[in-house]
Structures are given as C-alpha cells and as structure tokens.
Amino acid sequence: MTIEGYFDGTAVRPLEPVDLKPQKKVFIDIPEPQDEIAERKKKQLAFFQDLADHAEEIHEEEESARKIRQKKAVDELFNLLSDDEAKAFGKEMKTPLRFKTVELA
C-alpha cells in the first residue's frame, strides 16, 4: 500500500484516512526531489569524465614513453650498422634518425 502524506514537523500525516491500527509499524519512503537527483547525477558524470580524461592522459604518456623506447632501440641498432647500412635503413624508414660512429678495434 502506498500512502501520500506530509511531515508536520513532528509526525508524518496521511492526506487520506488509512485503515491501520494505532502503533502499527510502517516504512516511510521519502523520494529525493528531482533537482537533487539531477545534481547528484551531474556530479557523478563529472567524476567519471575526469576519470576518463585522466586515463587518456596516462595512455598518452605511456604511448610517448613507448615511442621513446622504440627510438632508443633503433638508435642502438644503428650503432651496430655501418654508415652505408644505416643510411639505407634510414631511407627505407623515411624518418630522420640519429647516427653514431662506432669504431671497432
């Protein structure tokens, strides 16, 4: 049974007569006002948006770190190549690469 009523500052009073015995235990459900629900949902959405933005920043940082590791690996590879091999490989990759001169004894 659902009963509509109001709170008078001391007790909840039904708007219509109800068939209940005195001292009968009842459960009262007080719905949140729609503006409070909307505000709570807005805060939750902002929280999840911030979380998604932070996750994207972390992904971008990881991607940047991965590219740096790859470039270091390529640079180390060039240390093993002759100048001609390094230039040929660089032209194939179509990217500017750093070359080091390695002297073998």
Side-chain angles (χ1 to χ4, degrees):
M1 161 181 2
T2 300
I3 301 168
E4 194 173 350
Y6 66 95
F7 181 65
D8 68 6
T10 304
V12 175
R13 307 286 178 188
L15 292 177
E16 299 176 4
V18 293
D19 186 22
L20 295 173
K21 295 180 182 175
Q23 306 303 316
K24 171 77 175 169
K25 183 176 183 177
V26 297
F27 296 91
I28 300 170
D29 182 25
I30 302 172
E32 284 185 77
Q34 291 300 314
D35 57 340
E36 289 179 18
I37 293 171
E39 185 63 28
R40 188 180 73 243
K41 287 183 179 180
K42 185 178 175 181
K43 287 179 182 178
Q44 289 173 339
L45 180 61
F47 170 78
F48 287 118
Q49 185 62 51
D50 288 346
L51 190 62
D53 291 345
H54 184 65
E56 188 172 322
E57 288 172 11
I58 289 172
H59 175 74
E60 288 173 2
E61 289 172 8
E62 289 174 353
E63 183 68 16
S64 176
R66 184 185 64 79
K67 288 179 180 179
I68 290 169
R69 286 192 310 274
Q70 285 178 334
K71 181 163 184 350
K72 284 181 181 178
V74 170
D75 286 344
E76 289 174 11
L77 171 65
F78 276 103
N79 287 333
L80 302 175
L81 301 177
S82 71
D83 287 344
D84 290 338
E85 291 171 328
K87 288 177 186 173
F89 185 76
K91 287 179 184 175
E92 241 354 90
M93 295 291 290
K94 296 182 182 175
T95 57
L97 299 169
R98 181 170 54 100
F99 299 101
K100 290 183 181 178
T101 304
V102 178
E103 293 183 24
L104 300 174

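Residues that satisfy the side-chain hydrogen bond (donor to acceptor under 3.5 Å, both in side chains) test with D53, not counting sequence neighbours, are Q49. Every residue two or more places apart in sequence or in another chain was checked for a side chain to side chain contact (heavy atoms under 4.5 Å, CB included) with L45, and none qualifies.
Among residues at least two apart or in separate chains, salt bridge (Lys or Arg N to Asp or Glu O under 4.0 Å) pairs with a member in residues 34-46 are E32-R40.
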Could you pull out all donor-acceptor pairs under 3.5 Å where a side-chain atom in residues 7-28 meets a protein atom, sequence neighbours excluded?
from: D8; atom 1: OD1; to: T10; atom 2: N; distance (Å): 2.8
from: D8; atom 1: OD1; to: A11; atom 2: N; distance (Å): 2.7
from: D8; atom 1: OD2; to: R13; atom 2: NE; distance (Å): 2.8
from: D8; atom 1: OD2; to: R13; atom 2: NH2; distance (Å): 3.3

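No option in L51, D50, I58 other than I58 meets the side chain to side chain contact (heavy atoms under 4.5 Å, CB included) test with H54.
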